[in-house]
Amino acid sequence: MQHTKIPILLLHGALGAAPQFDTLKSLLEPHYDVHVLEFSGHGQQPFSAEGFSIPVFAGEVLRYLEENGLDFIHIFGYSMGGYVALYLARHQPERIGHIITLATKYNWNEATAGREVKQLNPELIAEKVPAYAKVLEERHTASDWKEVVNMTAILIEDLGHQSLLRANDYAQIASPCLLMMGDSDNMVSFQETIEAFKALPEAQFAVLPDTVHPLEKADAPLLAYHIRRFTTQKI
């Protein structure tokens, strides 16, 4: 008897786009019905008239599920994508299965946001890291990459003023969650990841060895292994 593959959705991070998942997607496709969504203002998607924020991106995921006839889905979210996944699990629990996050920043306040925003200056990126500026230009074809960077800075500044997920929100998330982080990630702290892990009712925590923040540098077969291992555990 033919078993239908379980659907899984891959969500990219800030300044990210769908093609970053090409390797991981190919590793997951034998086992899952793999979906990749680009948030508005990223990659080939124009900016949304609704705005550029976590709730707007979460709404785009729900719309995607509706359009594709998916009433229930697992999510792998990288960095900001993981934050969107947890926000969805908090507000639309019946639609979300297992959540796996990698390199997601959980602790947003004015200090942590301020540090991130300093890095998000398009002129500085173009001057100091031209190779990265070129990557961003090639990645974001629907909009000016500098505008994407500026909008991301505003989104993070807003999160710094008003975090959308606090300890009491995590405590109300029913989805089983696997929080992963790299041992050499300089953007995400062990402390904040462990605090979120402890606040979530049903969570696991994994540290990936020799792993920095950028998704491209993560070990894709190791990620695929953790995703498969976790999603095959019973809900």
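Residues L65 and I6 do not share a hydrophobic cluster, defined by chaining ILVMFWY side chains whose heavy atoms lie under 4.5 Å apart. W108 and L102 fall into different hydrophobic clusters, where Ile, Leu, Val, Met, Phe, Trp and Tyr are joined by side-chain heavy atoms under 4.5 Å apart, directly or via other members. By the criterion of side-chain heavy atoms lying less than 4.5 angstrom apart, applied directly or through intervening Ile, Leu, Val, Met, Phe, Trp or Tyr residues, V36 is not grouped with L9; the two fall into different hydrophobic clusters. Hydrophobic clustering places I173 together with V84 (ILVMFWY residues linked when any side-chain heavy atoms are closer than 4.5 Å, directly or through intermediates). Taken together through direct or relayed side-chain contacts under 4.5 Å among Ile, Leu, Val, Met, Phe, Trp and Tyr, L62 and F52 form part of one hydrophobic cluster.
For the side chain to side chain contact (heavy atoms under 4.5 Å, CB included) criterion with I75, the lone passing option out of L37, I100, L88 is L88. The ring pair (Phe, Tyr, Trp, His ring centres under 6.0 Å) test with H98 is passed by exactly one of F72, F230, F76: F230.
With rounding to the nearest 0.5 angstrom, the CG atom of L215 is 7.0 Å from the CG atom of L223. Distance check, rounded to the nearest 0.5 Å: CD1 of I99 to CG of L178 gives 11.0 Å. A distance of 12.0 Å separates NZ in K128 from CD in Q119, rounded to the nearest 0.5 Å. Taking CD of E137 as the start and CH2 of W145 as the end, the distance is 8.0 Å to the nearest 0.5 Å. To the nearest 0.5 Å, atom CG of residue L27 and atom CG of residue L222 are 11.0 Å apart. To the nearest 0.5 Å, the span separating CG on L11 from CZ on F57 amounts to 11.0 Å.
Considering all non-hydrogen atoms of both residues, G97 and P176 come closest at O-CD, 4.0 Å. Across all non-hydrogen atoms, the minimal contact from S26 to T23 is OG-O, 2.7 Å. Closest of all the heavy-atom pairs between A167 and A199 is O-CB, 4.1 Å. Smallest separation of non-hydrogen atoms from P93 and R90: CD-O, 4.2 Å. H226 and A206 make their closest contact through CE1-CB, 4.2 Å (heavy atoms, listed as atom of the first residue, atom of the second, distance). Nearest heavy atom pair, residue E38 against residue P19, reads OE2-CD, 3.8 Å.
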Side chain to side chain contact (heavy atoms under 4.5 Å, CB included) between I73 and V61, intermediate numbers included: CA-CA 10 Å; I73 200 159; V61 173; 5.8 Å; no
CA sep, side-chain torsions, deciding dist, call: M181, F205, side chain to side chain contact (heavy atoms under 4.5 Å, CB included): CA-CA 8 Å; M181 67 171 291; F205 176 50; 4.0 Å; yes
Evaluation steps, side chain to side chain contact (heavy atoms under 4.5 Å, CB included), between V148 and L136: CA-CA 9 Å; V148 184; L136 291 177; over 6 Å; no
Step-by-step side chain to side chain contact (heavy atoms under 4.5 Å, CB included) determination, F21 to L28: CA-CA 10 Å; F21 286 123; L28 294 175; over 6 Å; no
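In this structure the side chain of I54 never reaches within 4.5 angstrom of the side chain of L165, judged on heavy atoms. Contact annotation: the side chain of S175 never approaches that of R95 to less than 4.5 Å [non-hydrogen atoms, C-beta and beyond]. You'll find the side chain of L120 reaches within 4.5 Å of the side chain of L15, heavy atoms only. For the pair N150/P122, a side-chain contact is recorded, criterion being any heavy-atom separation below 4.5 Å from C-beta on. Side-chain contact check for H31 versus I227: every heavy-atom pair is 4.5 Å or farther apart. Contact check for C177 versus L86: side-chain heavy atoms found under the 4.5 Å cut-off. Taking 4.5 Å as the limit, every side-chain heavy atom of T104 sits out of range of all side-chain heavy atoms of L179.
Residues satisfying the side chain to side chain donor-acceptor pair (under 3.5 Å) criterion with Y32, sequence neighbours excluded, are T231. Judged as a salt bridge (charged side-chain N to carboxylate O under 4.0 Å, His left out), and not counting sequence neighbours, the contacts of E216 are R139. Qualifying side chain to side chain donor-acceptor pair (under 3.5 Å) partners for H35, counting only residues two or more places apart in sequence or in other chains: D33, Y64. In this structure, E195 has no salt bridge (charged side-chain N to carboxylate O under 4.0 Å, His left out) partners at least two apart in sequence or on a different chain. Under the rule for a side-chain contact (heavy atoms from CB on, under 4.5 Å), the partners of V117 that lie at least two apart in sequence or sit in another chain are A153, I156, E157.
Aromatic ring pairs are classed by plane angle as parallel below 30°, tilted from 30° to 60° and perpendicular above 60°; the pair H12 and H42 is tilted. Relative orientation of the H91 and Y87 rings is tilted, given thresholds of 30° and 60° on the angle between their planes. By the 30° and 60° cut-offs, the orientation of the rings of Y78 relative to H213 is tilted.
S48 contributes no side-chain N or O that, together with a main-chain N or O of S40, makes up a donor-acceptor pair within less than 3.5 Å. Using modelled atom types, one side-chain atom of Y83 and one backbone atom of L164 make a donor-acceptor pair closer than 3.5 Å. Distance alone, capped at 3.5 Å, places no donor-acceptor pair between the N68 side chain and the L70 backbone. With hydrogens and angles disregarded, no donor-acceptor distance shorter than 3.5 Å links the side chain of E127 to the backbone of L124. With hydrogens and angles disregarded, no donor-acceptor distance shorter than 3.5 Å links the side chain of D185 to the backbone of T211. Of the possible donor and acceptor atoms, none in the side chain of R115 sits under 3.5 Å from a partner among the backbone N and O of M187. At least one donor-acceptor pair closer than 3.5 Å links the side chain of E192 to the backbone N or O of S189. With hydrogens and angles ignored, the 3.5 Å screen pairs no side-chain donor or acceptor of E60 with any backbone N or O of F39. S163 contributes no side-chain N or O that, together with a main-chain N or O of L159, makes up a donor-acceptor pair within less than 3.5 Å.
Shown here is R228, whose CZ atom has no more than 12 heavy atoms of other residues, nucleotides or ligands within 6.0 Å. Surrounding CG of N168 are more than 12 heavy atoms belonging to other residues, nucleotides or ligands, all under 6.0 Å away.
Screening residues 7-30 for salt bridge (charged side-chain N to carboxylate O under 4.0 Å, His left out), with sequence neighbours left out, gives K25-E29.
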